[in-house]
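Letters go in sequence order (proteins before strands), and every chain restarts at 1.
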Protein chains: 2
Amino acid sequence: MPAASGTPRPPARSGERGIPEAAVARLPLYLRALGGLAEAGETTVSSEELAAASGVNSAKVRKDLSYLGSYGTRGVGYDVQQLVHLIARELGLTQDWPVLIVGIGNLGHALAGYGGFASRGFRVAGLVDADPARVGEEVGGVAVSHLDQLESIVRAEQVSIGVIATPAAAAQSVCDRLVAAGVTSVLNFAPCVLAVPPQVGVRKVDLSIELQILAFHEQRRNVAVAGVAT
Amino acid sequence: MPAASGTPRPPARSGERGIPEAAVARLPLYLRALGGLAEAGETTVSSEELAAASGVNSAKVRKDLSYLGSYGTRGVGYDVQQLVHLIARELGLTQDWPVLIVGIGNLGHALAGYGGFASRGFRVAGLVDADPARVGEEVGGVAVSHLDQLESIVRAEQVSIGVIATPAAAAQSVCDRLVAAGVTSVLNFAPCVLAVPPQVGVRKVDLSIELQILAFHEQRRNVAVAGVAT
DNA sequence: AAGGCCTTGTGAACGAACGCACAAAGTCGA
DNA sequence: TCGACTTTGTGCGTTCGTTCACAAGGCCTT
């Protein structure tokens, strides 16, 4: 019987800026919506409007924005430009983020050419692939280098964010090399779990997982209907 | 503390199958991990092993699996094949899901060629694009049709899941057409919010949002370090 | 046959997140 | 200037999700 004498006491609220993870995940949504509103010529926006434009509930919007400080004007709303700037700053998008994409298959191609990166401060600092036949090809204005160049690109371009778009079998070794070279955040598109040191951040996107979740709900609806019909 | 008797409080078990959303989102993860274990020749797996292979915590694994019924053997673990079948059935992956992909740009290409779909029961039943120059091109064994064909493909192939990989500007109108034609689940890659009737399911994937969340944590780490150094 | 060992299944405590509802605070019209 | 109106900011109850910890249960060795 191991006495519960360990210290399972993670100081959740460590007195520092403690903006909840769930709120962080919504900030990019607001930013996107605000971009649209700004283009439409809006100068101020209420929490209700922003909520509609970003697909969340207005109380949540207000609470999330309150974590950034209270910059709204009661009776009026928020200043669009100020909010854009505030959110961008909070997310760290006011600086340049060099990104290295590893694996230039179909998905890597799509990512390299994705317009949504540049507008948020992400710059494709390099593309690498293990296939020599792909080296030299230019994608989205950047030439593909060989996988061997991974370390030198990370160092030369001060890359801190790596994107893995390789097959699952290669992902872990690529990840290890990225981390060893100095990358501290990884976005993983390969369908596998990555092991990284605790101070390295990882997020994963698995296209087929999203479809499977959709299928679950789809099936459930059908079963429910069938059940009623029976 | 002995087991409290007194007033037994069944934990709000709504007589119907009430498997929590968070658990559903993890089932595909388990399924993937189990695939790997099966290939490695494992016939049984403990919650601890499965947890390691899918990157979650073992208590969560056990609780999630318990929603599917109790099919583990104490002292041994779970039967891999049985678990695969059980999860697949729960997710509705034992049937064929025809999928229509709209927008065959870089991303649409990647999706059409993505191997992770077929192995989970998803079949690309059609590809459509608004650009006549793309019509006829073959991607992943399926020919691209014109956007005009959207409705007829949905009906002919009994498509219930649509994937939107168009620019944001086109997404809502495409979505409306999908829904009108009978699609009841939508996976949206366009960076915008979609309005749909309540009975239609939508999930979204925004590549740049994931990067922004990474950037937030990355920045935070840097600020923290700088703060200590100061 | 019996006891030890391992792993499941789950009650219960904890914590995070959500959303309501409302007071506070500012604007705008008269 | 004043009062009505609008919208923010947030305290609080509720729901959802995670984690701990342990009794129940089954296998295997002796």
Side-chain angles (χ1 to χ4, degrees), chain A residues 1-14 18-27 29-30 37 42-80 82-83 86 213, chain B residues 1-14 18-27 29-30 37 42-80 82-83 86 213:
Chain A
M1 278 150 268
S5 58
T7 318
R9 186 62 62 88
R13 186 64 57 84
S14 51
I19 161 169
E21 189 59 32
V24 172
R26 281 187 296 266
L27 292 182
L29 240 51
Y30 302 147
L37 289 166
E42 304 287 337
T43 60
T44 64
V45 62
S46 72
S47 62
E48 204 76 51
E49 293 170 305
L50 183 53
S54 44
V56 297
N57 146 322
S58 69
K60 226 183 312 195
V61 169
R62 289 197 297 277
K63 193 156 285 191
D64 288 347
L65 296 183
S66 81
Y67 294 124
L68 311 183
S70 299
Y71 293 96
T73 307
R74 299 179 189 219
V76 176
Y78 303 85
D79 181 88
V80 172
Q82 186 185 25
L83 215 44
L86 222 61
I213 298 173
Chain B
M1 307 292 192
S5 41
T7 340
R9 177 64 72 86
R13 183 60 53 86
S14 47
I19 162 168
E21 189 59 32
V24 172
R26 280 186 296 265
L27 292 182
L29 240 50
Y30 302 147
L37 290 167
E42 304 287 338
T43 60
T44 64
V45 63
S46 72
S47 63
E48 204 76 50
E49 293 170 306
L50 184 51
S54 45
V56 298
N57 145 327
S58 71
K60 227 182 313 195
V61 170
R62 288 197 298 276
K63 189 151 283 190
D64 288 348
L65 295 184
S66 81
Y67 293 124
L68 310 185
S70 299
Y71 293 97
T73 307
R74 301 181 188 217
V76 176
Y78 303 87
D79 182 88
V80 172
Q82 186 184 27
L83 214 44
L86 220 63
I213 298 173

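Inter-residue side-chain proximity for A:Val56 and A:Asp64 is flagged as unmet; no heavy-atom pair is nearer than 4.5 Å. Put simply, the side chain of A:Leu50 reaches to within 4.5 Å of the side chain of A:Leu83, judged on heavy atoms. The shortest distance between side-chain heavy atoms of A:Glu48 and A:Val61 does not fall below 4.5 Å. Contact of the A:Tyr30 side chain with the A:Arg26 side chain is registered, since non-hydrogen atoms from C-beta on lie closer than 4.5 Å.
Rounded to whole Å, atom C1' of D:dG25 lies 14 Å from atom CZ of B:Arg62. Residue B:Ile19 contributes atom CD1, which lies 14 Å from atom P of C:dT10 at whole-angstrom precision. Distance A:Glu48 CD to C:dA21 C1': 14 Å, rounded to the nearest Å. Between B:Leu65 atom CG and C:dG9 atom P there is a gap of 8 Å when expressed in whole angstrom units.
Minimum heavy-atom separation, A:Ser66 to A:Lys63: OG-O, 2.7 Å. Shortest non-hydrogen contact noted between A:Ser58 and A:Ser47 is CB-O, 3.8 Å.
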Name the pairs: protein N/O against N/O of nucleotides 17-19 of chain D, kept only if under 3.5 Å.
from   : atom 1 : to      : atom 2 : distance (Å)
D:dT18 : OP1    : B:Arg26 : NH1    : 3.0
D:dT18 : OP2    : B:Arg26 : NH1    : 3.2
D:dT18 : OP2    : B:Arg26 : NH2    : 3.0
D:dT19 : OP2    : B:Lys60 : NZ     : 3.3
D:dT19 : O4     : B:Lys63 : NZ     : 2.9

Check nucleotides 26-28 of chain C for protein N or O atoms closer than 3.5 Å to its own N or O atoms and list the pairs.
none

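In terms of phosphate contacts, B:Ser47 brings a side-chain nitrogen or oxygen within less than 4.0 Å of OP1 or OP2 of C:dT8. Side-chain nitrogen and oxygen atoms of B:Tyr78 include at least one within less than 4.0 Å of the OP1 or OP2 phosphate oxygen of C:dG9.
A distance of 9.5 Å separates OH of A:Tyr78 from OG1 of A:Thr73, quoted to the nearest 0.5 Å. Taking CG of B:Leu27 as the start and CG of B:Leu65 as the end, the distance is 7.5 Å to the nearest 0.5 Å.
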